[in-house]
Amino acid sequence: MGEAAVDGTMKVCVLTLFPELFGPFWDHGIIRRAIQGDKLNPLTINIRDHAEGRHRVTDDRPYGGGCGMVMKPEPLSAALSAAKQRLPMAKTLLLSPQGKRFDQQMAQSLAAADELILVCGRYEGVDERFIDGHVDAEISIGDFVLTGGELGAMVVIDAVARLIPGVLGNEDSAENDTFSDGLVEHAHYTRPPVYDNQRVPDVLLSGNHQEIDRWRREAALIRTMLKRPDLLDQREFSPQEREILKKWRRDIDSLLG
Ligand code: 4FV
């Protein structure tokens with residue numbers, strides 16, 4: 001999805017009725033650092049600025065009756081044209097419960113894009129003709145209904161921005177991400193070595209990085225089996241993981257005598 005970032009900067013434009021919601025998001029943490037480091041170039045466009053008439057109406061009652069309001073197609077497509085003037089190569093993504101479920105894999109593919117346009121709906125949703133005519137893909141952050149797409153857009157931008165080369169401190173931290181290899185992450189510990197009468201696992205204090213890697217791989221595997229067994233359904237185990245699983249089977253067999 002989208003051409004690789006030629007100059008290493010991802011341009012992202014958000015179409016929303018509440019651009020002010022994004023101010024704090026742009027101004028904090030890794031996102032702020034990505035913007036200051038020219039890795040992320042954000043833009044918000046207020047859909048209402050592209051609505052006609054004195055009242056700049058952006059929504060109306062649904063044809064066929066029923067409760068709630070629907071976002072009108074004209075202000076949306078006018079706002080989108082303004083965005084495309086700045087981001088001509090961008091794919092247009094609508095945040096909606098009907099969308100393809102967002103996950104780390106999708107984040108990795110979006111992170112390769114040079115430009116992205118994210119459309120945030122409000123009310124009951126947007127007029128279907130805008131989707132048919134202008135939306136390249138719909139993305140859902142989960143099977144629940146939000147009051148607006150803005151939080152979904154922030155989730156997507158946050159997960160994608162940290163995968164842009166050079167955004168995270170040392171490169172490899174994204175490599176060991178949860179889900180980057182289809183497993184949940186191993187447990188993390190920091191000082192103090194004893195907390196609440198609980199000691200940090202000795203291997204982590206050993207300095208033996210081969211043993212530490214092996215412990216972390218084993219921990220990731222067992223935590224995935226315990227916390228997210230669904231992640232293992234279609235998953236191919238690496239030779240190292242197969243060795244670990246066989247060792248467990250031997251241990252269990254010896255326990256069972
Ligand atoms: C949503 C989701 C979501 C639907 C109607 C906004 C709301 C309202 N977006 N993943 N789940 N959107 O619930 O992305 O317009």
Side-chain angles (χ1 to χ4, degrees), residues 1-2 10-26 31 40 42-52 55-83 87 90-111 113 115-163 177-179 228 230-231:
M1 192 174 281
M10 173 184 283
K11 292 192 196 127
V12 62
C13 179
V14 180
L15 305 190
T16 171
L17 285 172
F18 301 112
E20 63 278 12
L21 280 176
F22 289 81
F25 176 65
W26 304 135
I31 300 298
L40 183 66
L43 172 68
T44 52
I45 289 180
N46 189 335
I47 298 162
R48 195 175 300 286
D49 294 346
H50 298 271
E52 298 301 325
H55 302 295
R56 301 192 303 160
V57 173
T58 62
D59 62 299
D60 204 337
R61 286 177 293 105
Y63 277 122
C67 62
M69 301 293 270
V70 175
M71 289 186 82
K72 292 170 61 62
E74 311 95 318
L76 279 164
S77 41
L80 182 59
S81 310
L87 291 77
K91 292 288 182 212
T92 300
L93 309 175
L94 172 66
L95 282 300
S96 97
Q98 290 83 36
K100 187 169 181 295
R101 175 65 73 81
F102 182 66
D103 61 11
Q104 192 66 10
Q105 205 181 358
M106 190 190 291
Q108 277 151 356
S109 75
L110 291 176
E115 303 175 344
L116 288 176
I117 296 172
L118 299 177
V119 181
C120 305
R122 279 270 155 177
Y123 315 108
E124 296 309 307
V126 310
D127 188 291
E128 196 66 18
R129 295 163 293 181
F130 171 77
I131 299 174
D132 298 343
H134 301 281
V135 170
D136 296 300
E138 293 181 78
I139 297 180
S140 170
I141 63 164
D143 295 343
F144 41 79
V145 180
L146 302 169
T147 61
E150 285 78 9
L151 292 178
M154 291 181 202
V155 165
V156 169
I157 295 166
D158 191 282
V160 168
R162 60 189 296 285
L163 298 175
D177 267 349
T178 293
F179 305 123
R228 290 292 310 276
D230 58 296
L231 292 174

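By convention here, the first residue in the shown sequence is residue 1. Counting convention: from 1, in listed order, for ligands and their atoms alike.
Across all their heavy atoms, E115 and A90 have their closest contact at OE1-N, 3.2 Å.
Under a 4.0 Å criterion applied to the non-hydrogen atoms of S140, ligand 1 contributes the atoms 10 (N), 11 (N), 14 (O). Using a 4.0 Å cut-off to heavy atoms of L95, the atoms of ligand 1 that qualify are 9 (N), 14 (O). Each of the atoms 15 (O) of ligand 1 lies under 4.0 Å from some heavy atom of R122. Heavy-atom proximity to G148, at under 4.0 Å, picks out these atoms of ligand 1: 6 (C). Set against the non-hydrogen atoms of V145, the atoms of ligand 1 under 4.0 Å away are 13 (O).
Residue-to-ligand polar distances place Y123 within reach of ligand 1: an N/O pair is separated by less than 3.5 Å. Considering backbone and side-chain atoms together, G142 places an N or O closer than 3.5 Å to an N or O of ligand 1. At least one N or O atom of F144, backbone or side chain, sits closer than 3.5 Å to an N or O atom of ligand 1. Close N/O approach between E124 and ligand 1 is not found [any backbone or side-chain N/O within under 3.5 Å]. At under 3.5 Å, a nitrogen or oxygen of I141, whether backbone or side chain, sits near a nitrogen or oxygen of ligand 1.
Side-chain contact between V70 and Y123: absent, with no pair of heavy atoms (C-beta onward) separated by less than 4.5 Å.
Distance CG/D158 to CD1/I31: 4.5 Å, rounded to 0.5 Å. In this structure, the separation between CE on M154 and OG1 on T16 is 8.0 Å, given to the nearest 0.5 Å. Note that the CG atom of L118 and the NZ atom of K91 stand 14.0 Å from one another [nearest 0.5 Å]. Here the straight-line distance linking atom NZ of K11 with atom CD1 of I117 works out to 11.0 Å at 0.5 Å rounding.
A donor-acceptor contact shorter than 3.5 Å is absent between the side chain of D127 and the backbone of K72.
For atom 7 (C) of ligand 1, the closest non-hydrogen atom of the protein is L146 O, 3.3 Å. Nearest non-hydrogen protein atom to atom 2 (C) of ligand 1 is P97 N, 3.9 Å.
When non-hydrogen atoms are compared, ligand 1 lies under 4.0 Å from the backbone of I139 (N, CA, C, O) but not from its side chain.
Comparing G152, G68, S96, C120 by heavy-atom distance to atom 9 (N) of ligand 1, the nearest is S96.
The side-chain contact (heavy atoms from CB on, under 4.5 Å) test with I157 singles out one residue from L110, L116, L40, and that residue is L40.
Shown here is F144, whose CZ atom has more than 12 heavy atoms of other residues, nucleotides or ligands within 6.0 Å.
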